[in-house]
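None of these values were measured; they are calculated from a predicted model.
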Amino acid sequence: MSTALIPVVEAEYVELPIERAARGESLPVPPQADSDDHLIGMWVARHASPHTRRNYRMQATCFRTFVGKPLPLLRLDDLQAYLASLEGKAPATRANATAAIKSLFSFAQELGYVRFNIGKAVKAPPIKNTLAERIMSETDAMRMVALVDAPRDRALLTLLYGGGLRISEACALRWRDLTERDGGAAQVVIYGKGGKTRVVLLSPNTWRTLQAQRGDGGPDDPVFRSRKKGECIQARQADRIVKAAAARAGLSAEVSAHWLRHAHASHALDRGAPINLVQATLGHASVATTGRYTHARPSESSARFLGV
């Protein structure tokens, strides 16, 4: 029987990251996404708005279908080729697609999923500012509200115009979000865009109109109920209500709920409301955004000083 010794093989020593960190050495940061699908899922999820999430997921799907390669393997000419394929689309459509893809690659680079942010090298096409075309007169806004008979629908239009709310903000309201104030007025707490909360003071007339359709609604019940008991009205249904009211008032078929928000801002500024107050009411992050309304409806022009 052989008694030969079995050689002992020493295991290779592998230094742990914690030991390197203890010596003050920097450690490589692993990518925070395992695949394109994983990355895009996180990128979409970081946005609070359901509309933005749907739009970004659709934009990512269209882009990936066109390029047919994983994101880390893409080069600038791949991105340029995709944007060139959109040349026949409306400027706003191309600008929307460009902004989405730029956002995607910025996020990918932040997470270490791609080495270079190729989105930095492209610019969104300029688009015409059509805000002035989407601001109705005060008479038209009031007529839209006045011609609605259904209490819920009239209250919805009154709040959209009188409070300057976004349609998603109005649809999500529960009665506990509203509080009566002295003098017959009320205030509404709004959980708005970007996860920001703001408080808007409502006029006595707006509060009376809202209360008129409350019925037996409790604190946790929706302010604007859908046909399904206990559920909030959906944004699409609310927009149909607005469009029906616009048609009844003889206005353009392009009128949407957001037009009433535009009207609120423009008419309040026309009546002398401070721009910072309008900014706070609408929940704009910057006063420059609110300032677009003063440019869209200027009160003075050098053209009026000429003799023609």
Side-chain angles (χ1 to χ4, degrees), residues 47-56 58 90-93 95-96 99-100 127-145 147-148 152-173 188 190-196 198 200 202 206 209-210 223-224 232-270 273 275 277-297:
H47 298 91
S49 165
H51 173 76
T52 301
R53 290 200 295 267
R54 285 192 301 270
N55 175 55
Y56 273 19
M58 182 270 293
T93 301
N96 187 289
I127 58 175
K128 178 184 177 183
N129 187 344
T130 60
L131 179 59
E133 302 170 14
R134 290 175 282 130
I135 298 177
M136 66 180 76
S137 69
E138 191 168 344
T139 300
D140 287 343
M142 297 299 289
R143 187 165 71 251
M144 272 186 66
V145 176
L147 294 179
V148 176
R152 182 201 64 178
D153 297 354
R154 174 177 282 200
L156 175 64
L157 266 70
T158 301
L159 184 62
L160 289 172
Y161 175 56
L165 274 66
R166 299 178 178 91
I167 191 169
S168 58
E169 296 169 346
C171 290
L173 288 178
V188 55
I190 302 162
Y191 183 69
K193 188 176 180 181
K196 296 179 181 178
R198 68 184 190 279
V200 173
L202 304 176
T206 300
T209 304
L210 288 169
V223 174
F224 303 109
C232 297
I233 190 174
Q234 297 298 306
R236 289 184 180 180
Q237 183 183 358
D239 202 51
R240 286 196 293 269
I241 292 170
V242 173
K243 287 188 176 297
R248 197 177 293 113
L251 303 179
S252 168
E254 295 181 355
V255 172
S256 68
H258 216 70
W259 283 46
L260 292 172
R261 179 172 160 88
H262 293 324
H264 172 103
S266 180
H267 301 165
L269 290 169
D270 288 347
I275 191 170
L277 177 60
V278 178
Q279 175 196 1
T281 300
L282 270 61
H284 287 157
S286 168
V287 74
T289 303
T290 316
R292 295 182 307 151
Y293 294 99
T294 60
H295 297 303
R297 287 168 60 92

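- One finds the OG atom of S168 at 10.0 Å from the CD1 atom of I190 (value rounded to the nearest 0.5 Å).
- Contact detail for R198 and T281: the closest heavy-atom pair is NE-O, 2.7 Å.
- The OG atom of S266 lies 4.0 Å from the CD1 atom of I135; values are rounded to the nearest 0.5 Å.
- One distance of note links NE2 of H264 with CG of L269; it measures 8.5 Å at 0.5 Å rounding.
- Every residue meeting the salt bridge (charged side-chain N to carboxylate O under 4.0 Å, His left out) condition with R143, not counting sequence neighbours, appears here in chain and number order: D140.
- With contacts defined as side-chain heavy-atom distances shorter than 4.5 Å, the pair W259/V242 does not qualify.
- Here the shortest heavy-atom pairing between V200 and G163 reads CG1-O, 4.0 Å.
- When the shell of 6.0 Å around CD of Q234 is examined, it contains 12 or fewer heavy atoms from other residues, nucleotides or ligands.
- In this structure, K196 contributes its side chain and Y191 its backbone to no donor-acceptor pair below 3.5 Å.
- A heavy-atom distance below 4.5 Å is not found between the side chains of R261 and I167.
- Taking 4.5 Å as the limit, every side-chain heavy atom of L277 sits out of range of all side-chain heavy atoms of I275.
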Chi angles and distances behind the side chain to side chain contact (heavy atoms under 4.5 Å, CB included) call for V278, V287: CA-CA 9 Å; V278 178; V287 74; over 6 Å; no

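- You'll find the side chain of T290 stays beyond 4.5 Å of the side chain of L282, heavy atoms only.
- The structure places CG of D270 at 8.0 Å from CD of E138, a figure rounded to the nearest 0.5 Å.
- Sorted by first and then second residue, the side chain to side chain donor-acceptor pair (under 3.5 Å) pairs with a member in residues 156-166 read Y161-H267, R166-E169; sequence neighbours excluded.
- Under the 4.5 Å side-chain criterion, counting only non-hydrogen atoms from C-beta, L260 is not in contact with L165.
- The two residues M136 and A263 have their closest heavy-atom pair at CG-CB, 4.1 Å.
- Residues C171 and A238 come closest through the heavy atom pair SG-CB, 3.7 Å.
- Taking the side chain as every heavy atom from C-beta outward, H258 and L160 never approach each other to under 4.5 Å.
- Rounded to the nearest 0.5 Å, atoms CG (N96) and CE (M58) are 6.5 Å apart.
- To the nearest 0.5 Å, atom CG of residue D153 and atom CZ of residue F224 are 9.5 Å apart.
- Partners of R240 under the salt bridge (charged side-chain N to carboxylate O under 4.0 Å, His left out) rule, at least two apart in sequence or in another chain, do not exist in this structure.
- Side-chain contact between R248 and V148 is present, with at least one heavy-atom pair separated by less than 4.5 Å.
- Looking at R154, its side chain never comes within 3.5 Å of a backbone N or O of T209 through a donor-acceptor pair.
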